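What follows is a set of notes on a single structure, which appears directly below.
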Amino acid sequence: MAFDKDYSSLVHGVGSLDFSGNSVPCKLLITGDTAFPVLVTPGKDVLIAASRYGKGKVVTLAHENYLNMKEFMVFLQNAVSWLSPNPDAVIGVESSLAVLETSLTASRSKVQTTTGLTQNLGVFCTNKYDESNVQEMISFIRNGGGLLIGAQAISWSQTQQQKNVLEHFPGNKIISVSGVYFTDGSGEKGKFSLSETMPWNPIYTNFPFSLDLKQLFEGVPQLDISGSSVCSDLLLHGALTFPVGLTNEKQCFVGAAYYGKGRVVVVTHEGYFFKPELKTFIINSIKWLDIGQKRKIGVNARLSNLTDLLKKENIPSSVTNLVPGLSVYCCQSYGDSEAKAIQEFVAEGGGLLIGGHAWYWAIENSNSDVLIDYPGNKILNKFGISILERTLPQAIYKAVSPDEESDHYCLPKALGYLQSALNSGSVLKPPLSNWIFKLRQDLTYILRLPPSPVNSSLQHQFVELMQTCPMPNVSVTCPIQSNSMQGLILCVVNESCGVNQTVSVQYPGQETPVTVDIDATNPGGDAWRSTGLYIAPKKTVVFEFPTSAVKKGLQVQIGCQSDDLNNLNTLYRAPVVVRSTPVLSERLSISCYWGGLIYIIVHEKSSLGKIQVKVYGAEPAPTYIKGKTSLDSWLNSICKLPAPWAELITENIVLTVPSDAIRSLKDPESLLSLWDKVMVAVAELAAIPIKFPRPERIVADVQISAGFMHSGYPVMCHSQSAKDMTNLESIQKNGMWGFAHELGHNQQKSVWEFPPYTTEATNNLWSVYVHETVLGIPRDRAHPSLQPQKRAACIQKYIQNKANLDEWSVWTALETYLQLQEGFGWEPFKKVFKEYQSITGISNDNNIKMNLWVEKFSKAVNRNLVPFFQTWGWPIDDKTRSKLSTLPVWEKDPMKQYEKV
């Protein structure tokens with residue numbers, strides 16, 4: 001990083017600095033993304049900081065006396081040299097700094113004694129305790145000047161107790177634009193060594209915002225975000241950020257911050273600006289942002305209606321882009337064309353009211369990182385705020401109480417509490433115990449923050465924290481509660497695994513890579529391509545991609561158990577055990593705390609063709625590919641490979657199981673041949689091409705997010721089911737209802753589904769079809785609920801209850817479809833499913849969709865099925881009755897006996 005070079009220039013030849021004299025330094029606060037600490041004491045106090053603003057630079061010392069002490073002169077000469085815009089720059093030194101003037105003159109600098117800033121200076125050295133020429137000083141820095149400043153705010157604060165030090169201390173009115181502040185806290189004294197590498201910035205946690213909250217919530221007892229607008233969660237990672245709107249789970253939908261001389265309020269849905277229930281709060285926010293300047297409010301054209309609200313409150317405003325003369329600017333977070341101007345506007349005293357969510361952008365830009373790439377975050381990250389893709393529940397929430405500020409969640413404060421709890425080995429206590437849900441979520445984002453000294457420090461300290469934690473022992477026999485300290489550690493340890501990863505130059509030439517061929521053409525949804533490789537826990541694997549594959553939507557993924565268990569109360573494994581990274585360069589590295597199988601994810605509609613990828617640091621996993629792997633190799637070596645996960649691969653499905661499940665598998669070819677037939681049957685009934693756009697996947701896991709199994713990509717099942725999917729004899733004898741049930745879910749289409757009635761019903765058509773056409777197992781043996789007596793009882797009970805659709809679900813709903821199948825066979829289903837694939841514009845209303853199904857199926861079998869469906873309680877309308885009235889009646893209608901007289 002460039003900051004490392006800056007730091008080295010500043011400390012060159014300086015071993016230590018003595019802060020043990022009579023002068024009491026104040027602590028410095030660093031918040032800006034271009035600011036960094038130069039000296040941090042063992043007690044984690046910053047006493048010297050450096051920063052950039054615009055074209056200029058600033059070096060700040062925590063007491064003015066240090067500018068005039070001989071012991072500091074080597075460092076100060078370095079500082080002036082670093083601050084100088086060019087070697088011939090004139091160095092202005094205030095007349096009170098005689099020792100500094102003499103030292104700089106002796107070093108052959110062009111020194112000019114001055115009582116203030118003059119136009120010809122390249123660097124200005126001052127102890128700024130007055131408010132004269134503040135704007136001239138800021139302009140001087142912005143345009144390329146260097147500022148060396150020393151001061152302390154302790155004495156000032158003792159005489160100005162009603163004033164906010166960060167805003168009102170004269171020195172802060174200058175240097176805060178660069179992300180550094182003087183504080184009223186006393187810093188540690190002593191003789192301190194300067195490290196060879198740049199020190200980490202401390203985590204600040206103790207700034208009060210109660211007065212700000214009082215102003216924001218004056219006359220506002222609650223924040224009403226009920227209704228149709230769906231907002232995003234906020235990540236508040238800056239030291240001067242604070243939550244304003246919180247859900248019951250401490251998720252944040254309104255956040256605020258101090259930045260430089262200005263202020264920011266972020267609302268995570270722009271619709272809230274116009275919500276009547278939030279009117280008072282929006283007005284309060286604008287007044288808080290205005291900081292008493294009572295100048296003009298600028299409103300971006302995309303929020304033009306906001307001016308109507310402001311005019312009713314006699315607040316001067318106009319529709320405009322960001323222009324000079326505004327005190328507050330209101331805009332959306334969906335564009336970043338004004339990002340740099342907005343950041344400068346806030347830094348120099350402006351107020352920003354910005355609204356917008358990121359969840360829809362994340363859906364539309366699935367290959368991008370919301371934290372870095374979302375337009376609003378390109379503005380807000382600098383302020384210590386980021387809008388996330390997570391959505392929050394719409395509800396009415398109690399206003400954040402200024403009197404309960406210690407209970408208000410924010411990430412830096414929570415990290416401080418977490419650090420104390422881990423160091424002391426204590427159990428979770430309030431407020432930390434109340435924050436676990438939100439903290440677990442936020443910690444997964446820390447390592448993705450864009451690089452800066454402040455962010456890197458936050459990341460480093462988080463990783464350091466995780467490295468000191470004993471890893472919890474978690475398993476089915478030793479579960480862990482997710483809201484415990486152990487649950488928190490399990491949740492976030494994987495995120496710390498890849499910090500500061502760099503591609504090792506030792507891999508090529510010293511380790512033979514494995515070259516894998518990847519099919520990077522994909523007509524379907526995002527597809528996992530198996531590499532047949534495994535990476536051990538906490539190890540790093542390195543990849544080399546061809547140039548043609550870089551930035552084309554490919555990703556590398558470690559791990560196959562992709563279920564996120566963060567919403568479960570009891571854990572048998574860590575909530576997230578996979579890691580992925582986009583392929584943005586020819587060479588990349590990735591590791592996963594838990595290890596796992598290695599995949600290349602190919603984005604939907606990719607057309608890159610076949611590519612070769614070199615992989616360093618991985619080992620082969622037990623992998624059998626039907627038609628390619630020799631049986632001898634499998635039996636003699638492959639099935640014995642030590643990797644804990646194995647894959648059985650055929651054209652349309654991949655089975656991923658613990659390796660123990662396949663150690664004794666003698667005939668994988670026959671097993672996969674059966675699975676081939678199963679997948680052909682799935683495709684036949686769905687009326688889709690026999691070759692799937694991407695192979696289906698079934699993955700076994702010790703714990704999954706829902707149910708005994710669940711559908712999706714991949715289908716997830718519990719580890720004990722691994723034997724069932726790999727035992728040919730068992731499948732042939734006992735069937736595979738659960739697997740076919742989930743594969744059926746993957747074929748359900750919303751156009752002919754009627755949720756919630758058919759959600760767990762129509763997918764079972766695939767279960768019946770597979771068992772009868774592939775396995776030769778009749779439906780009455782395929783599942784106990786399909787035995788004739790149970791089916792009859794199911795119908796009888798439903799009719800006795802007056803055919804109420806609220807009771808038409810699962811086996812009752814399936815019965816309707818089975819009667820149609822038993823009357824007309826499977827072909828009408830295939831025909832109707834095929835026809836639906838070309839129908840567009842179908843309403844999502846169940847009544848409309850049910851009438852359409854009645855029409856389509858009736859025409860497919862050339863029978864009027866209105867009486868049949870009507871007996872089942874379907875809402876048949878007159879239009880459908882009229883359309884089908886000319887078709888022959890279904891003489892063998894099994895529901896005739898139940899028709900109403």
Side-chain angles (χ1 to χ4, degrees), residues 366 517-532 553-555 557 560 562 597 599-611 623-629 647-657 668-669 671-700 709-717 725-726 731 736 738-753 762-771 773-775 826 829-838:
S366 58
D517 295 318
I518 298 297
D519 180 4
T521 294
N522 175 28
D526 289 1
W528 300 4
R529 302 300 193 208
S530 300
T531 64
L554 299 181
Q555 287 182 295
Q557 176 174 296
C560 55
S562 56
L597 295 175
Y599 301 92
I600 307 298
I601 299 178
V602 181
H603 189 51
E604 62 178 339
K605 299 180 181 178
S606 174
S607 58
L608 298 177
K610 303 288 184 180
I611 63 171
T623 306
Y624 188 94
I625 303 176
K626 183 176 178 288
K628 292 185 179 181
T629 306
E647 291 201 319
L648 306 174
I649 301 173
T650 188
E651 183 176 54
N652 283 328
I653 196 164
V654 181
L655 311 178
T656 307
V657 296
E669 194 76 12
L671 172 69
L672 290 175
S673 293
L674 177 62
W675 275 100
D676 269 341
K677 293 176 183 177
V678 168
M679 298 311 296
V680 167
V682 170
E684 285 177 347
L685 182 56
I688 60 176
I690 297 302
K691 180 175 172 57
F692 281 55
R694 64 178 182 186
E696 293 277 22
R697 287 181 171 272
I698 303 178
V699 174
M709 297 182 186
H710 71 73
S711 59
Y713 183 83
V715 170
M716 296 296 300
C717 66
M725 78 169 101
T726 57
I731 293 173
M736 49 158 44
F739 297 117
H741 172 98
E742 304 305 343
L743 291 169
H745 269 309
N746 284 355
Q747 296 305 318
Q748 288 174 312
K749 306 299 179 187
S750 63
V751 289
W752 48 259
E753 273 296 290
T762 53
N763 58 313
N764 283 328
L765 291 171
W766 275 264
S767 299
V768 174
Y769 187 79
V770 165
H771 281 75
T773 64
V774 177
L775 302 177
W826 289 110
F829 284 90
K830 298 176 185 178
K831 180 179 179 181
V832 172
F833 289 149
K834 181 69 174 178
E835 185 176 359
Y836 267 98
Q837 293 170 19
S838 60

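As the structure is a computational prediction, the values presented were derived from the model and not from experiment.
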Would you please test W766 and Q747 for side chain to side chain contact (heavy atoms under 4.5 Å, CB included) and show each step?
-> CA-CA 9 Å; W766 275 264; Q747 296 305 318; 3.6 Å; yes
Determine, step by step, whether V654 and L648 satisfy the side chain to side chain contact (heavy atoms under 4.5 Å, CB included) criterion, reporting the C-alpha distance in whole Å, the side-chain angles of both residues, the deciding distance to 0.1 Å, and the verdict.
-> CA-CA 6 Å; V654 181; L648 306 174; over 6 Å; no
Going through the distances and angles, do K691 and E651 end up as a side chain to side chain contact (heavy atoms under 4.5 Å, CB included)?
-> CA-CA 7 Å; K691 180 175 172 57; E651 183 176 54; 3.8 Å; yes
Report the C-alpha distance between E684 and Y769 in whole Å, list the side-chain angles of each, state the deciding distance to 0.1 Å, and finish with yes or no for side chain to side chain contact (heavy atoms under 4.5 Å, CB included).
-> CA-CA 10 Å; E684 285 177 347; Y769 187 79; 3.0 Å; yes
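Residues I518 and V602 meet the side-chain proximity criterion, which asks for heavy atoms closer than 4.5 Å. L674 has its side chain within reach of L775: a pair of non-hydrogen atoms, C-beta onward, lies under 4.5 Å apart. Looking only at side-chain heavy atoms (C-beta outward), Q555 and I600 stay at 4.5 Å or farther from each other. The side-chain heavy atoms of W826 and L765, taken from C-beta on, include a pair separated by under 4.5 Å.
Considering only residues two or more places apart in sequence or on other chains, E835 meets the salt bridge (Lys or Arg N to Asp or Glu O under 4.0 Å) condition with K856. With sequence neighbours left out, the side-chain contact (heavy atoms from CB on, under 4.5 Å) criterion links S673 to K626. The side chain to side chain donor-acceptor pair (under 3.5 Å) search around Q837 returns none, not counting sequence neighbours. For E753, the side chain to side chain donor-acceptor pair (under 3.5 Å) partners are Q748, T758, T762, not counting sequence neighbours. Judged as a salt bridge (Lys or Arg N to Asp or Glu O under 4.0 Å), and not counting sequence neighbours, K831 has no contacts. Here K605 pairs with nothing under the side-chain contact (heavy atoms from CB on, under 4.5 Å) rule; sequence neighbours left out. D519 is linked by a side-chain contact (heavy atoms from CB on, under 4.5 Å) to T521, R529, K610, counting only residues two or more places apart in sequence or in another chain. With sequence neighbours excluded, no residue forms a ring pair (Phe, Tyr, Trp, His ring centres under 6.0 Å) with F692. The side chain to side chain donor-acceptor pair (under 3.5 Å) search around R694 returns none, not counting sequence neighbours. Residues satisfying the side chain to side chain donor-acceptor pair (under 3.5 Å) criterion with T629, sequence neighbours excluded, are absent altogether. Under the rule for a side-chain contact (heavy atoms from CB on, under 4.5 Å), the partners of K677 that lie at least two apart in sequence or sit in another chain are V774. With sequence neighbours left out, H603 forms a ring pair (Phe, Tyr, Trp, His ring centres under 6.0 Å) with no residue at all.
Looking only at distances, no side-chain donor or acceptor of N652 sits under 3.5 Å from a matching main-chain atom of M679. Side-chain N or O atoms of E604 include none that pairs as donor or acceptor with a backbone N or O of G525 at under 3.5 Å. With N522 contributing its side chain and S606 its backbone, the two residues share no donor-acceptor pair below 3.5 Å. Without hydrogens or angle criteria, H771 side chain to M736 main chain gives a donor-acceptor distance under 3.5 Å. Using a distance-only test at 3.5 Å, with no hydrogens or angles considered, a donor-acceptor pair links the side chain of Y713 to the main chain of W528.
Here the shortest heavy-atom pairing between C717 and M709 reads CB-CG, 3.7 Å. Summarising the geometry of P523 relative to P693, their closest heavy-atom pair is CD-O, 3.8 Å, with the distance given to 0.1 Å. In plain terms, the two heavy atoms of F833 and A686 that are nearest each other are CB-O, 4.0 Å.
Remark: I625 CD1 to L672 CG distance equals 10.5 Å, nearest 0.5 Å. Separation of atoms OG1 (T623) and NZ (K628) is listed at 12.5 Å; rounding is to 0.5 Å. Here the straight-line distance linking atom OG of S530 with atom CD1 of I649 works out to 4.0 Å at 0.5 Å rounding. Going from atom CD1 of I653 over to atom CE of M725 covers 8.5 Å, rounded to the nearest 0.5 Å. With rounding to the nearest 0.5 Å, the separation of OG in S711 from CG in N763 is 8.0 Å. Expressed to the nearest 0.5 Å, how far CG of L554 lies from CD1 of I601 amounts to 9.5 Å.
Of the candidates I698, L655, V699, V699 is the only one forming a side-chain contact (heavy atoms from CB on, under 4.5 Å) with P714.
With no hydrogens or angles considered, no side-chain donor-acceptor pair links S562 and R697 at under 3.5 Å.
Side-chain rings of W675 and Y624 stay apart, their centers remaining 6.0 Å or farther from each other.
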